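Below is one structure, written out as C-alpha cells; the observations come after it.
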Protein chains: 2
Amino acid sequence: MNSYPTRWTKQMKVVLDIVYDGKSPITADQVYGLARKQMPRISLGTVYRNLNRLVVSGLISESKVGTVQCFYPHPYSNTHLECRVCGRLYSVPFDLSLHQVAKETGLTLDGYELRLKGVCKECASRCI
Amino acid sequence: MNSYPTRWTKQMKVVLDIVYDGKSPITADQVYGLARKQMPRISLGTVYRNLNRLVVSGLISESKVGTVQCFYPHPYSNTHLECRVCGRLYSVPFDLSLHQVAKETGLTLDGYELRLKGVCKECASRCI
DNA sequence: CATAAAGTAGTAATGATTACTATTATGAAT
DNA sequence: ATTCATAATAGTAATCATTACTACTTTATG
C-alpha cells in the first residue's frame, strides 16, 4: 500500500520539517500551503506521497479527525466523543495505558485513537 | 448536522429492516442494493438520509471501517490494529469496559471504536 | 560519465458522501 | 374525508480529500 522511502529528496525534507515544526496537528493541504512558500512548484501529490512515506518509516504519525488525515511529529494518542445526534467531535480527558494494551495483545504499538460513541451533554439536555 | 426523523416513511422502514436483518456490518451502498430489490426507484440519497436519521435516533449504530461508514443494528464496539507499514486493518481481541469509561468520564455511551496504531506482526518480521 | 530506478509536477480520475430542485407523500387541522 | 403546509423523495450534480497516471527530472551508484 504505502511505499518505503529509499531516496532522501529536498521535497521530503521540506515536508518533514513542516510537520516537525508544527505545534498542532496539520493536514496534507496545510503542509502543501506551507511547502509552497519554500518550494513554489511542489505538487500536492508529492506532499501526500512524502507524508505517507514518513508515516510508514515511523518518523511522523497520522490520525483521522473527522474525514481528513492529520499529521503529527510524534506518536499520538487521543480520545474523542462522537455525538450521534449533532455529529460533533469532542476531546475527552481519558487515557488508556498503551503499555498495558501492548502487553495484553502482544502488539508493538505507537499510539491509539479511541472514539467513544454516544450523546453529548448539550444534546442529552435537549432531551432529543 | 443530522436531522431527526419526523415522518415514518416506507423508505425509512425498508432501510431499517435491511439493517436489522443483516448479520454483519453493512455499507450504505449495500443497503441501497438490497433496498432496490423491494423498491426499485429508491435513491441512494434517500438511503443515506434515512441511515443517518436512524443513527441520530439511536435505532441503529454506525462506525467507520477504513474510509467507508458501516451500519449495525445494535450498539457496537471494536478494536482494530492499523499497521502503519502495510496500511492493513486487523481485528484485535481486546475489550474495553465501556461501563468503566462511562463512569470515569461521566458520559452516556453506546459503544466505542479503538484504533491501535503500530506495526503488524508480518511487517515487523520483515524487519522493515 | 552513464544508466537504471526512484521521485516529481501537473493533471485527471476516484469514490463515498452531500447538496440541490422539482415533485410527491405525510399527518394534523379543518 | 379533504385540505394544506411541510417534510421527504428521486434523480442528478457537486464536493472534496485522496490516489492514479504520465512524461519528465533527479538521484545514487558502478
Side-chain angles (χ1 to χ4, degrees), chain A residues 1-16 18-19 25-57 59-60 62-71 82 84 86-89 128, chain B residues 1-16 18-19 25-57 59-60 62-71 82 84 86-89 128:
Chain A
M1 182 209 188
N2 291 323
S3 62
Y4 193 67
T6 62
R7 289 180 185 177
W8 191 248
T9 66
K10 290 165 196 153
Q11 289 86 346
M12 165 108 63
K13 180 160 171 38
V14 166
V15 168
L16 179 61
I18 288 170
V19 177
I26 191 169
T27 65
D29 207 59
Q30 291 171 325
V31 172
Y32 179 52
L34 293 172
R36 279 164 65 156
K37 292 186 181 173
Q38 303 174 49
M39 191 179 271
R41 307 189 71 85
I42 195 170
S43 80
L44 183 56
T46 296
V47 170
Y48 271 103
R49 194 181 320 106
N50 283 309
L51 285 169
N52 285 326
R53 284 176 186 154
L54 291 166
V55 169
V56 168
S57 72
L59 285 171
I60 66 175
E62 164 241 21
S63 89
K64 277 238 168 71
V65 173
T67 56
V68 303
Q69 274 179 296
C70 282
F71 297 90
E82 182 185 306
R84 68 157 197 263
C86 64
R88 274 180 293 194
L89 225 57
I128 302 188
Chain B
M1 181 211 189
N2 291 325
S3 62
Y4 193 66
T6 62
R7 288 179 185 179
W8 192 248
T9 66
K10 290 164 197 154
Q11 289 87 346
M12 165 110 61
K13 180 160 172 41
V14 166
V15 168
L16 178 60
I18 288 170
V19 177
I26 191 169
T27 65
D29 207 60
Q30 291 171 326
V31 172
Y32 179 52
L34 293 172
R36 279 164 65 155
K37 292 185 182 172
Q38 302 174 49
M39 191 179 272
R41 307 187 71 84
I42 195 171
S43 81
L44 183 56
T46 296
V47 170
Y48 270 102
R49 195 180 321 106
N50 283 309
L51 284 169
N52 285 325
R53 284 176 188 155
L54 290 166
V55 169
V56 169
S57 72
L59 286 171
I60 67 175
E62 164 241 19
S63 89
K64 276 238 169 73
V65 172
T67 55
V68 303
Q69 274 178 297
C70 282
F71 297 89
E82 181 185 307
R84 68 158 196 262
C86 65
R88 274 180 291 196
L89 226 55
I128 303 186

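Letters A, B, ... mirror the listed sequences (proteins, then strands); counts begin at 1. Here the structure is a predicted model, which means the values were calculated and not measured. Computed over heavy atoms, backbone and side chain alike; hydrogens, waters and symmetry mates excluded.
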Legend entry - Between CD1 on residue B/I42 and CG on residue B/N50, distance to nearest 0.5 Å: 7.0 Å
Legend entry - Gap separating the CD atom of B/Q11 from the CG atom of B/L16, nearest 0.5 angstrom: 13.5 Å
Legend entry - Residues from residues 37-45 of chain A lying under 4.0 Å of DNA chain D - heavy atoms: A/L44
With respect to the side chain of [X], which nucleotide from [options] is positioned closest?
X	options	value
B/R7	C/dT8, C/dT17, D/dA5	D/dA5
A/Q11	D/dA17, C/dA9, C/dA5	C/dA9
A/T9	D/dA8, D/dT18, C/dT8	C/dT8
A/T46	D/dT19, D/dT26, C/dA9	C/dA9

Between [N] ([atom2]) and [X] ([atom1]): distance, integer Å:
X	N	atom1	atom2	result
B/K10	D/dA10	NZ	P	11 Å
A/L51	D/dA17	CG	P	15 Å
B/W8	D/dT9	CH2	P	11 Å
A/D29	D/dC16	CG	P	11 Å
B/L54	D/dA8	CG	P	12 Å
A/Q69	D/dA17	CD	C1'	9 Å
A/N50	D/dT26	CG	C1'	14 Å
B/Y32	C/dT17	OH	P	14 Å

Does [X] put a side-chain nitrogen or oxygen below 4.0 Å from OP1 or OP2 of [N]?
X	N	result
B/R36	D/dG11	no
A/R49	C/dG7	no
A/Y48	D/dT19	no
B/N52	C/dT17	no

Inset, instruction - Give me the bend of the helix from C/dC1-D/dG30 to C/dT30-D/dA1, using the axes of the five pairs at each end, rounded to 10°. - result: 30°
Can you give me the closest heavy-atom contact between [X] and [Y], atom names plus distance?
X	Y	result
B/E62	B/V55	CB-CG2, 3.8 Å
B/M12	B/R7	CE-O, 3.8 Å
B/L44	B/A28	CD1-O, 4.4 Å
B/F71	B/T27	CD1-C, 4.5 Å
B/V14	B/A35	CG1-CB, 3.9 Å
A/Y32	A/S43	CE1-C, 3.7 Å

Inset, instruction - Give the intermediate values and the outcome of side-chain contact (heavy atoms from CB on, under 4.5 Å) for residues B/L54 and B/V19. - result: CA-CA 10 Å; B/L54 290 166; B/V19 177; 5.8 Å; no
Inset, instruction - Would you mind reporting whether B/I18 and B/Q38 have side-chain heavy atoms less than 4.5 Å apart? - result: yes
